[in-house]
Amino acid sequence: MTSTSPSGSPAPRDSANARSRKIVLGVAGGVAAYKACHIVRGFTERGHSVRVVPTESALNFVGAATFEALSGQHVSTGVFDRVHEVQHVRVGQEADLVVIAPATADLMARLAAGRADDLLTATCLVASCPVVVAPAMHTEMWNHRATRANVATLRDRGVTVLEPAHGRLTGPDTGAGRLPDPEQIVALSLLRLAGRDLPQDLSGRRVLITAGGTRESIDPVRYLGNHSSGRQGFALAEVAAQRGAEVTLIAGATDELPIPCGAEVIRISSARELAKEIDCRAADQDIIIMAAAVADYRPTVTAPAKLKKTSESAPTGIELTENPDILAGLIAARREGRVPEDTVIVGFAAETGDDSGSVLDHAIRKIRRKGCDLLMCNDVGSGKVFGRSRNRGWLITPDGSVVEVPDGTKLEVASLLLDSVVQITAER
Ligand code: CTP
């Protein structure tokens with residue numbers, strides 16, 4: 001498995017979760033049960049211990065021996081196995097986190113009803129730790145009113161029920177109901193373990209997020225670009241979608257990252273392509289987050305054929321033309337009524353300190369110049385952020401107040417940033 005995730009790869013040992021925690025991985029009986037093997041690996045590679053508790057039907061898809069070998073722990077499904085160890089109580093009592101992936105419609109119905117007729121459901125009834133459920137089923141089942149009601153009941157009780165991914169299902173059909181990528185499940189579960197919840201407080205909100213770097217073509221082969229990996233923007237899209245938002249993600253050049261569950265992804269290359277995609281969507285958004293690293297300049301002329309170093313066309317210098325400032329354009333559009341006045345607009349600032357000021361000095365000047373509602377500032381000196389699994393920085397508001405964002409996974413940083421956005425939205 002390629003360990004790519006919005007929060008980091010390859011399989012980073014999160015310092016926030018450096019302490020080894022006891023994770024129960026419940027596995028229900030669906031074809032996606034095979035992906036649970038990668039989830040066990042994702043947790044154990046980060047130093048956590050995993051006790052796999054499959055349902056009886058899950059063992060039709062993956063044998064107990066596989067789970068035992070991968071986890072190094074005994075695997076049982078029923079409450080009458082090893083009765084002297086009182087497993088049906090002890091497994092849930094000792095857990096720091098319960099993750100169920102995949103969770104079938106039937107398992108969620110049993111959880112919602114409070115059943116305890118096998119080891120997994122008994123464990124969930126006993127557990128007082130966070131519980132994360134990753135559903136996988138056909139779209140019809142996911143959309144059925146019975147399942148919707150069960151999801152609502154579980155969320156109401158504090159269970160984190162993840163949004164499924166959209167894509168190819170077991171048969172030839174596609175739709176909502178696919179199990180998210182194992183690395184996404186691991187990263188989102190660890191977010192819960194780090195004390196960050198995924199409340200449905202962005203439900204019904206339309207959120208537009210840009211991510212990654214732009215590329216400005218010099219000729220058909222070469223371009224001007226930057227080091228942005230897109231991880232922070234993808235993490236924002238992931239958390240926003242899991243918090244109920246309708247997310248559009250406009251992505252430039254990024255690392256290979258799984259698509260945030262439920263998000264619509266639009267690929268662009270240059271700053272002007274990005275500007276065009278934003279232009280036709282901005283008027284319908286409640287929240288716009290400009291996490292993309294947009295090139296300020298492009299070559300004035302893009303050569304139609306490859307420039308040859310030996311020919312007369314060999315460049316001695318590249319003449320540049322300034323790109324549109326998309327964020328400034330959005331603020332102007334809001335002022336002029338082309339974007340609703342209550343749309344929250346967030347900017348990013350990747351800064352390094354220099355003779356004219358510190359990282360924070362530059363960021364405070366930037367939010368005043370740009371006029372956005374919130375600015376996330378990172379210190380990117382000496383490769384501190386690009387392509388990394390973790391991030392830190394400051395959230396700055398137009399009045400110049402600064403809130404430190406402590407070191408955390410990019411999902412944790414996204415979660416904090418979205419808390420601030422929700423607060424701004426509530427104050428409007
Ligand atoms: N941005 C934009 N359009 C551009 C350049 C940047 O919309 N042409 C956005 C970025 O997406 C980011 C914010 O503006 O949210 C700040 O980007 P940054 O490159 O730090 O700001 P600049 O105004 O280009 O300032 P400088 O490069 O001089 O620091």
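Whatever order the structure lists them in is the order used to number ligands and atoms, beginning at 1.
Side-chain contact, Asn150 with Thr147: no donor N or O sits under 3.5 Å from an acceptor N or O. A donor-acceptor pair shorter than 3.5 Å cannot be found between the side chains of Ser270 and Thr214. Ser415 and Arg196 share a side-chain donor-acceptor pair at under 3.5 Å.
Counting only heavy atoms of the protein, atom 3 (N) of ligand 1 lies nearest to Ile326 N, 3.0 Å. For atom 20 (O) of ligand 1, the closest non-hydrogen atom of the protein is Lys366 NZ, 2.5 Å. From the protein, the heavy atom lying nearest to atom 14 (O) of ligand 1 is Lys370 NZ, 3.2 Å.
Below 4.0 Å from some heavy atom of Pro324 lie the following atoms of ligand 1, by number and element: 3 (N), 4 (C), 8 (N). Taking every heavy atom of Leu327 and a limit of under 4.0 angstrom, the matching atoms of ligand 1 come to 2 (C), 7 (O), 9 (C), 13 (C), 14 (O), 15 (O). Below 4.0 Å from some heavy atom of Asp296 lie the following atoms of ligand 1, by number and element: 5 (C), 8 (N), 24 (O), 27 (O). Residue-ligand proximity, Arg369 to ligand 1, at heavy-atom distances under 4.0 Å covers atoms 23 (O), 25 (O).
Take Arg281 and apply the salt bridge (Lys or Arg N to Asp or Glu O under 4.0 Å) test, not counting sequence neighbours, and it matches Glu277.
Taking only nitrogen or oxygen atoms, main chain and side chain alike, Met290 reaches within less than 3.5 Å of ligand 1. Of the N or O atoms in Phe348, one or more lie within a sub-3.5 Å distance of an N or O in ligand 1. For ligand 1, the polar-atom distance check against Asn323 finds no nitrogen or oxygen pair separated by under 3.5 Å. Not one N or O of Val294 is nearer than 3.5 Å to an N or O of ligand 1, by distance alone. Not one N or O of Ala291 is nearer than 3.5 Å to an N or O of ligand 1, by distance alone.
Among Gly233, Gly347, Gly329, Ala292, the residue whose heavy atom sits closest to atom 10 (C) of ligand 1 is Ala292.
Listed for the Gln200 side chain is a donor-acceptor partner under 3.5 Å among the backbone atoms of Gln242. At distances below 3.5 Å, not a single donor-acceptor pair connects side-chain atoms of Arg392 with backbone N or O atoms of Asp379.
Heavy atoms of His362 found under 4.0 angstrom from ligand 1: none, in either backbone or side chain.
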**OP:** Give the C-alpha distance, both sets of side-chain angles, the deciding distance and a yes or no for side-chain contact (heavy atoms from CB on, under 4.5 Å) between Asp419 and Leu417.
**Re:** CA-CA 5 Å; Asp419 286 351; Leu417 190 153; over 6 Å; no
**OP:** With side-chain hydrogen bond (donor to acceptor under 3.5 Å, both in side chains) as the test, would you mind laying out the steps for Arg192 and Thr160 before giving the verdict?
**Re:** CA-CA 8 Å; Arg192 195 70 220 270; Thr160 297; 2.8 Å; yes
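Between Glu273 and Arg298, no side-chain nitrogen of the basic residue sits less than 4.0 Å from a carboxylate oxygen of the acidic one, so the salt-bridge criterion is not met.
For atom 24 (O) of ligand 1, the nearest protein heavy atom lies under 4.0 Å away.
The stretch residues 135-146 participates, sequence neighbours left out, in these side-chain hydrogen bond (donor to acceptor under 3.5 Å, both in side chains) pairs: His138-Asp173.
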